[in-house]
Amino acid sequence: MRAFDAAGRRLSFRSAADELGVTQGAVAQQVRLLEAHLNVTLFERVPKGLRLTSAGRRFHNRITAVFAKLRSATAELRPEPDKVVISVTPTFAAKWLIPNLPEFTAAHPNIDLRIMATEKVSSFHSDGIDLAVRQGSPPFGASLDATLLFKQSLIAVAAPKFRGKGDNLLDSETLANEPKIHDTHDLWPSYLAHLGVQDQTTRHFHLNQTSLAVDAAIAGQGVALVSRFLVTHDLEAGRLVEVGSAWNADKNDFYVLMPRTAKENESVANVMAWLKSCSTEDI
């Protein structure tokens, strides 16, 4: 069947033999055995090579599809040393990982970094991921190595118009009166308690993702409470300004997790080293 498939695609026993790494005679012999088994002539021998008979063409069309599926299934099982799958939240992907990808790609052009952005906790085994960024505190599992990426340093940010004149932060009472943008973490009550004030506004905007809260703040809808590293690019570009002092929330830091069995994978190790280099710069 393999001999017939190759010969049917190339219409030459010699070319089929080169593809399969055997002799031309071996391919011809295999095709003759198949024709004898089926009692059907599959090829017509012509001066310039081969020509499929009508029966041979119909048969070849069917088996090429089967061989294509076999090759695809084999490729999925074969180890891909340059492919690395990282599981992150949509916010981490949109606000930190993707903006920093050009630097990674320049340093590691041969690594196929695939991003699985989801709010659900992905499985290293069933979802086929190599690395995962998680928020919380160790331990995360006996079989996992956890490396601190970013401290949970929360800051209040807003569009430039909210700060008014000057570069000073808003005082606590003024901040308490500003409209608030909430995400699913809803850390505003704890943050205001840390400042020693109570919320004084009735204007609240609730969203289910931190990235959306950041976008709402850029659009001037109010003040958002986010991790500093997630809005570094927006602060540098002037889309946002810091309007409230930083608060380091305990036990909510960002870690990258890696199965201990993945340490021998060079590509995974390179991605991990790059992530750690970024955390060293930003923490």
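Under a 3.5 Å cut-off, the side chain of Q200 and the backbone N or O of A176 do not form any donor-acceptor pair. Side chain of D145 to main chain of R260: no donor-acceptor pair is present (N/O by atom type, distance under 3.5 Å, no hydrogens or angles). For the pair R57 (side chain) and L52 (backbone), a donor-acceptor distance under 3.5 Å is present. S227 places no side-chain N or O within 3.5 Å of a backbone atom of F229 that could act as its donor or acceptor partner. Between the S211 side chain and the T91 main chain, no donor and acceptor come within less than 3.5 Å of each other.
Ring-plane geometry between W188 and H182 is classed as perpendicular, the angle between the planes exceeding 60 degrees on a 0 to 90 degree scale with a lower cut at 30.
Look at R239 and D215 and you find no salt bridge, because none of the NZ, NE, NH1 or NH2 atoms lies under 4.0 Å from a carboxylate O.
In summary, of the residues considered (T23, D18, V22), a side chain to side chain contact (heavy atoms under 4.5 Å, CB included) with L20 occurs for V22 alone.
Shown here are the side-chain hydrogen bond (donor to acceptor under 3.5 Å, both in side chains) partners of N270, two or more places apart in sequence or in another chain: there are none.
No side-chain donor from either of N252 and H185 sits under 3.5 Å from a side-chain acceptor of the other.
Under the 4.5 Å side-chain heavy-atom criterion for grouping Ile, Leu, Val, Met, Phe, Trp and Tyr, F254 is connected to V271 within one hydrophobic cluster.
Residue pairs meeting the salt bridge (charged side-chain N to carboxylate O under 4.0 Å, His left out) criterion with at least one member in residues 133-142, sequence neighbours excluded, do not occur.
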